[in-house]
2 protein chains.
Amino acid sequence: MERSTKQRAAIRDALKAADRPLLATEVLELAQRAVPSLGIATVYRTLKALVDQESLQVVELPGENPRFEFAHGHHHHFYCRDCGRVYDVHACAGEFVDIVPAGFVVKSHELTLYGHCADCQGHAVA
Amino acid sequence: MERSTKQRAAIRDALKAADRPLLATEVLELAQRAVPSLGIATVYRTLKALVDQESLQVVELPGENPRFEFAHGHHHHFYCRDCGRVYDVHACAGEFVDIVPAGFVVKSHELTLYGHCADCQGHAVA
DNA sequence: ATATGTGCAAAGCATTTGCGGAGAT
DNA sequence: ATCTCCGCAAATGCTTTGCACATAT
């Protein structure tokens, strides 16, 4: 992550413009608007480098491909069952230290909420 | 899922004997003790069928391959960072309806706890 | 007897990697 | 000019699928 290239700028810009974690393929599509020749391998390599240097954090939801967003501390995520987008939830409901059996030690946790986002709430019935 | 075969019996037995969710490869290894010729394709096909008929439920943890266990209602999971095993946590810390922004509706949630299990607690320092 | 089930090998996806050529310094 | 970076294509790991043979009913 030493040289500054138009590919890397496009990838950073795509992630910056989005207000939510993006899939590698979403990053590719968005960044290709600036650099049409961009390849998926470069996206993966750049994402990996940014994660390694802790500029990005990986958002791994159950059964989903990894998403990426700029690092901003401990928080959780909301998955919209209608549109499939993932939103940040800037709140945390506790450490859950007390719900495990004796002898188990909780060090951290991940919470994913599922439902309907504000955008999809109007037209969705369920 | 109409006929009863020794392969299916071995797969069910492996899942029944384990007190925790198993990876497809773990099911294969365990079931091969009873049926050495068992192939991974049969394991996947059988797991899929059992999930479809809701005998099994899929346990998908962030960044992990899916695990399988007999269905037994809403609960959460504990991932041991030492041994990589996953344990059931028969407790639930709430519905988290209140921590999302206005306009968002929470329908369900998944919680994963990380730490050290009772087995690994003794020898693990961190 | 016949339709379902199984094992093998090939096909799919998402992600990673090797390599020769392109580009930043 | 040099060394890093890029795009392509091949490789990888997990899961699914096609097909011919085996087997439960």
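Because the structure is a prediction, the values reported are computed rather than measured. Within every chain, numbering begins at 1; the chains are lettered A, B, ... in the order of the sequence lines, protein sequences first and strands thereafter.
For the OP1/OP2 pair of dA24(D) and a distance below 4.0 Å, the side-chain nitrogens and oxygens of Ser4(B) include no atom meeting the criterion. Taking only side-chain nitrogens and oxygens, Arg8(B) comes nearer than 4.0 Å to OP1 or OP2 of dT6(C). Listed pair Arg3(A) / dC6(D) fails the phosphate criterion, with no side-chain N or O lying under 4.0 Å from OP1 or OP2. Considering only side-chain N and O atoms, Gln7(B) lies under 4.0 angstrom from the phosphate OP1 or OP2 of dG7(C).
No side-chain heavy atom of Gln7(B) sits under 4.5 Å from any side-chain heavy atom of Thr46(B).
Of the two residues near DNA chain D, Gly39(A) and Pro66(B), the one whose nearest nucleotide lies more 5' is Gly39(A). Along DNA chain D, the nucleotide nearest Phe68(B) and the nucleotide nearest Arg45(B) are compared for position; the residue whose nucleotide lies closer to the 5' end is Phe68(B).
Counting to the nearest Å, the P atom of dC6(D) and the CD atom of Gln32(A) are 14 Å from each other. For Arg12(B) and dG5(C), the CZ to P distance is 12 Å, given to the nearest whole Å. One can place CG of Leu23(B) at 13 Å from C1' of dG13(D), the figure rounded to the nearest angstrom.
Within 4.0 Å of Ile40(A), counting heavy atoms only, lies no atom of the nucleic acid at all. Nucleic acid contact class of Ser37(A) (heavy atoms, under 4.0 Å, all strands): sugar-phosphate only.
Follow the hydrophobic side-chain contacts under 4.5 Å out from Leu23(A) and you never reach Leu30(A); the two are in separate clusters. Follow the hydrophobic side-chain contacts under 4.5 Å out from Leu22(A) and you reach Leu38(A) in the same cluster.
Among the nucleotides dT16(C), dA9(C), dG5(C), the one closest to any side-chain atom of Ala41(B) is dA9(C). Looking at the side chain of Tyr44(A), the nearest of the listed nucleotides dT4(D), dA14(C), dT6(C) is dA14(C). With distances taken from any side-chain atom of Thr5(B) to the nucleotides dC6(D), dG7(C), dT6(C), the minimum falls on dT6(C).
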Checklist entry - Which is it for Val86(B) and Glu64(B) under the side chain to side chain contact (heavy atoms under 4.5 Å, CB included) test, yes or no, and what are the steps along the way? => result CA-CA 11 Å; Val86(B) 172; Glu64(B) 290 283 303; 5.7 Å; no
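A tilted orientation is assigned to the rings of His72(B) and His90(B), their planes being inclined by 30° to 60°.
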